[in-house]
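The next block holds one structure in the form of structure tokens; read it before the comments.
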There are 2 protein chains.
Amino acid sequence: MPSTLPQTPDQDFDAQSIRDALRDAIVDRRLAPGTKLTEGDVGTLFKVSRTLVRAALQALSYEGLVTVEKNRGAFVASPSPEESRQIFATRKLIEPGIVMEACRLIAPSQIQLLRQLLLEEGRLTGERGPTARRAEIKASGDFHLTIAQIAGNAILLRFMEELVARSSLAIAVYGQSVVSSCGHSEHQAIVDALERRDAGAAAALMVHHIDHIEADLDLRERDPTDLKNALGALV
Amino acid sequence: MPSTLPQTPDQDFDAQSIRDALRDAIVDRRLAPGTKLTEGDVGTLFKVSRTLVRAALQALSYEGLVTVEKNRGAFVASPSPEESRQIFATRKLIEPGIVMEACRLIAPSQIQLLRQLLLEEGRLTGERGPTARRAEIKASGDFHLTIAQIAGNAILLRFMEELVARSSLAIAVYGQSVVSSCGHSEHQAIVDALERRDAGAAAALMVHHIDHIEADLDLRERDPTDLKNALGALV
DNA sequence: AATAAGCATATCGTATACAATTTACGCGTC
DNA sequence: GACGCGTAAATTGTATACGATATGCTTATT
């Protein structure tokens, strides 16, 4: 496995930047759910001691991106179906309010910025390859986060950062199509509503959009015996 | 200052229990906003090394209960007026949805439990003294958290735990009356609505209730020059 | 050959050590 | 007495050390 994590070598990392680097890697799926994050290994990669790595892993565990098991270590989180439902239920509760508030506050330059993101997003859907896919995933999340930022509530923004990141994990585990391609046009419709300052429409579109993302997931409880079947085909 | 923190002496504390003990102390105001939390001192109190204290403080800083300044240390958070507004804005966005969901799911035994809490709360409003006040503050928060628990969404519950705790800080800093006594009757009205499974009423009552809590705060920006006035009266 | 036991290795949990930074205090100057 | 400066003490930031727990492999036993 190539050590793609520390993009900028020979840099001095602190706990914060390690946390950010790991989160980026988790969110755009360079680190698969379930991957073990050994403190020593991560420390070697970033050229820091376990102390800083532990701080970063603990922070990520508060965000729900990493699960730590006592005396066993830290793993990239693998949300259960129920957990995934709660992630999207929470988003459906919060995001309508956010987009409504964004409607009130959005400035022309911010509409511009969102259109920019849409353009980039559209360009990426055309490209092939895993790098483009990762960029697309990130762009899709950034869209929601940008709206949260426009809404101007730092607490809600942080909640959304957590929810978007965990959504990415849920999609990684339970997603069926690689990327729900309908998402792009829905994003466009939301920006249109924002531009019209049509709060009701924006909120409704947002809920539908989240519903669509969730609909692409197969959240059925997997029977452990099914694992045998799944592997039996290979072995 | 008496070291009231480790209630149970000669116990072995881990990062988790230290975090909980500190949070309890912050939430029911045995630790005032702005108080410095020196790692060594806290460690001595709990008879652990700075390692565990740091972990606890980092966790609390993620929850917004503690602010850490690089190379300066950790302090009990003292939310700004804007931050306080965002705390209550977020609650007004989230709690209606929570109480509506609780309406759908609540069981008779849970209504019983809420009534129990109301009884306790009423008893405490009658009593005098700082201990009773602290218990009252905690009881008031527990009411909201119990409803969140009934709603059955672990993520929202965690968000609410953070918001309730930070609300307590905001009230400590900007609250005018010691405790808004109208809160108790409003809690009762909410339970009544839950019992009737009247989701609309419950949500509306909840928003009003939060508005009332917020109305008891004086969130005007304090001019630093006012500090001189405030102290001038004493010196 | 399968299983169990025991030892070696890897990894985690916590304390301690030491460097870097901030804070506090004493002293001289104006 | 107020202000600036320099040194000492306190505190934080990070690395390392060491005991505890888990993991994996070897070997003995059936």
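From a predicted model like this one, the values you see are computed outputs, not experimental measurements.
The aromatic rings of B:His209 and B:His144 sit parallel to each other, their planes meeting at less than 30°, with 60° as the upper class boundary.
Between B:Lys138 and B:Asp24 there is a salt bridge, since at least one side-chain N of the basic residue sits less than 4.0 Å from a carboxylate O of the acidic one.
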Q | Stepwise side-chain hydrogen bond (donor to acceptor under 3.5 Å, both in side chains) test for B:Ser17 and B:Asp14 | A | CA-CA 6 Å; B:Ser17 50; B:Asp14 58 1; 2.7 Å; yes

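For DNA chain C, the contact window with chain A, defined by any atom under 4.0 Å from a protein heavy atom, covers C:dT11 to C:dT14 in 5' to 3' order.
A donor-acceptor pair shorter than 3.5 Å cannot be found between the side chains of A:Glu120 and A:Gln116.
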Q.
So if I define the base as every atom that isn't primed, P, OP1 or OP2, how would nucleotides 14-23 of chain D read as a B/S/- string at a heavy-atom cutoff under 4.0 Å?
A. BBBB---SSS

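Between B:Glu63 and B:Glu162 the shortest heavy-atom distance is O-CG, 3.3 Å. Between A:Arg91 and A:Ile210, the shortest heavy-atom contact is O-CD1, 3.7 Å.
Both tests pass for A:Arg158 against the ring of B:Tyr62: distance under 6.0 Å to the centre and angle within 45° of the axis.
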